[in-house]
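The block underneath contains the structure these notes are about, expressed in structure tokens.
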Number of protein chains: 2
Amino acid sequence: MGTYSYAEADWTLAYRRDCPSRTVIEVLANKWVLYVVGALGRFDRPMRFNELRRVLDGITQKMLTQTLRALERDGLVSRTVYPTTPPRVEYGLTTLGIDAGRLICAIADWSEEHAQVILTARSEFDYRATAQPTPAR
Amino acid sequence: MGTYSYAEADWTLAYRRDCPSRTVIEVLANKWVLYVVGALGRFDRPMRFNELRRVLDGITQKMLTQTLRALERDGLVSRTVYPTTPPRVEYGLTTLGIDAGRLICAIADWSEEHAQVILTARSEFDYRATAQPTPAR
DNA sequence: CGGAATCCGCCCCGATACTG
DNA sequence: CAGTATCGGGGCGGATTCCG
């Protein structure tokens, strides 16, 4: 950022529709992906299915399964099955996932720091919008 | 990350359903938000509506409008109208938006660096999935 | 140029039920 | 415990049309 080179030539890399990095960005542009990878990054250890479920308030079991599968597919999360009874399945971050987790934790931290400012801006915007659709004749 | 404190007490901050930071995270968990803020961050200057439209390959005018409004509402983007004919409207990042732009550019960079690894992992996963639904008896 | 408005299909996601 | 399967509504987002 801040370097002017992007205005010149090579910025197209990240913005063309067929750019591979778009695929990756669109993986991360998903709230449950952010929450799951974020949680695994925070706790910094493998976690079991229902443990994650309890931690991630509001996630349904379907969404958790789906999100974990997608992350496993993309090589960010590893799934380990211990064939005990009852079965024990642990989900952990891969090297790649740990890397992504750092970025995501940075986002989570930033969100926490600036949440109030943003929510205030939002309610003020909404107030201005409802207050004068037109300047009262 | 890596500090153990999150396993103890205060990790709930970011994961409870009613946590304010969740709202912010869910603003960022949107591909068009990432692309728009990313582009404004890369170019590091205010941009006009149709300029952004041309840069962000594939975005519709509706989505661009909608995304810019949402970002303005949350105080990440400022909208400036120059009442010329034809009208000239510029969108720029606020201080808050610049800050977010740094995070987002980091994500974009990371995505570009690791795109091939991830896409390879993905196709291998898909191959394994289709190859042996069951070990061929 | 910079939008607003409308129509509408698709798929995301939640709820629910069942399984090994 | 750790899932799979199915149904169904809602909303996201694309395409199109029109406007100052």
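Below, chains carry the letters A, B, ... as their sequence lines are ordered, and counting in each starts from 1. Here the structure is a predicted model, which is why all the values come from computation and not from measurement.
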Whole angstrom value for the distance that separates [atom2] of [N] from [atom1] of [X]:
X: A:E90; N: D:dG3; atom1: CD; atom2: P; value: 12 Å
X: B:W32; N: D:dG11; atom1: CH2; atom2: P; value: 22 Å
X: A:Q66; N: D:dT4; atom1: CD; atom2: C1'; value: 13 Å
X: B:L64; N: D:dC12; atom1: CG; atom2: P; value: 17 Å
X: A:E72; N: D:dA2; atom1: CD; atom2: P; value: 15 Å
X: A:M63; N: D:dG3; atom1: CE; atom2: P; value: 15 Å
X: A:Y82; N: D:dG3; atom1: OH; atom2: C1'; value: 18 Å

A:E26 side chain to B:Y35 side chain, donor-acceptor N/O pair below 3.5 angstrom: yes
Between B:R79 and A:I59, name the one whose nearest nucleotide on DNA chain C is closer to the 5' end. B:R79
Using atom types as modelled and distance alone, determine if a side-chain donor or acceptor of B:E51 lies under 3.5 Å from a backbone N or O of B:R48. yes
So, the side chain of B:N30 versus the backbone of B:V33: is there a donor-acceptor pair under 3.5 Å, distance only? yes
Please examine the side chains of A:L40 and A:M47, heavy atoms only from C-beta on, and report whether any two atoms are closer than 4.5 Å. yes
What is the per-nucleotide protein-contact pattern of nucleotides 15-20 of chain D, from the 5' end, where B denotes a base atom under 4.0 Å from a protein heavy atom, S denotes such proximity for sugar-phosphate atoms only, and - denotes neither? BB----
Look up atom CD1 in A:I104 and atom CH2 in B:W110, then write down how far apart they are to the nearest 0.5 Å. 7.5 Å
With a non-hydrogen cut-off below 4.0 angstrom, is B:Y91 in contact with a base, only sugar-phosphate, or nothing? sugar-phosphate
Contact class for A:R53 vs. all strands (heavy atom < 4.0 Å): base, sugar-phosphate, or nothing? nothing
Could you tell me whether [X] and [Y] have a side-chain N and a carboxylate O separated by less than 4.0 Å?
X: B:D109; Y: B:R42; value: yes
X: A:E90; Y: A:R88; value: yes
X: B:E112; Y: A:R22; value: no

Show, in sequence, the C-alpha distance, side-chain angles and deciding distance for B:R69 and B:E72, and conclude whether the side-chain contact (heavy atoms from CB on, under 4.5 Å) test is met. CA-CA 5 Å; B:R69 284 286 178 280; B:E72 190 192 356; 4.1 Å; yes
In the 5' to 3' direction, the nucleotides of DNA chain C bounding the stretch that comes under 4.0 Å of a heavy atom in chain B are C:dC1 to C:dC7
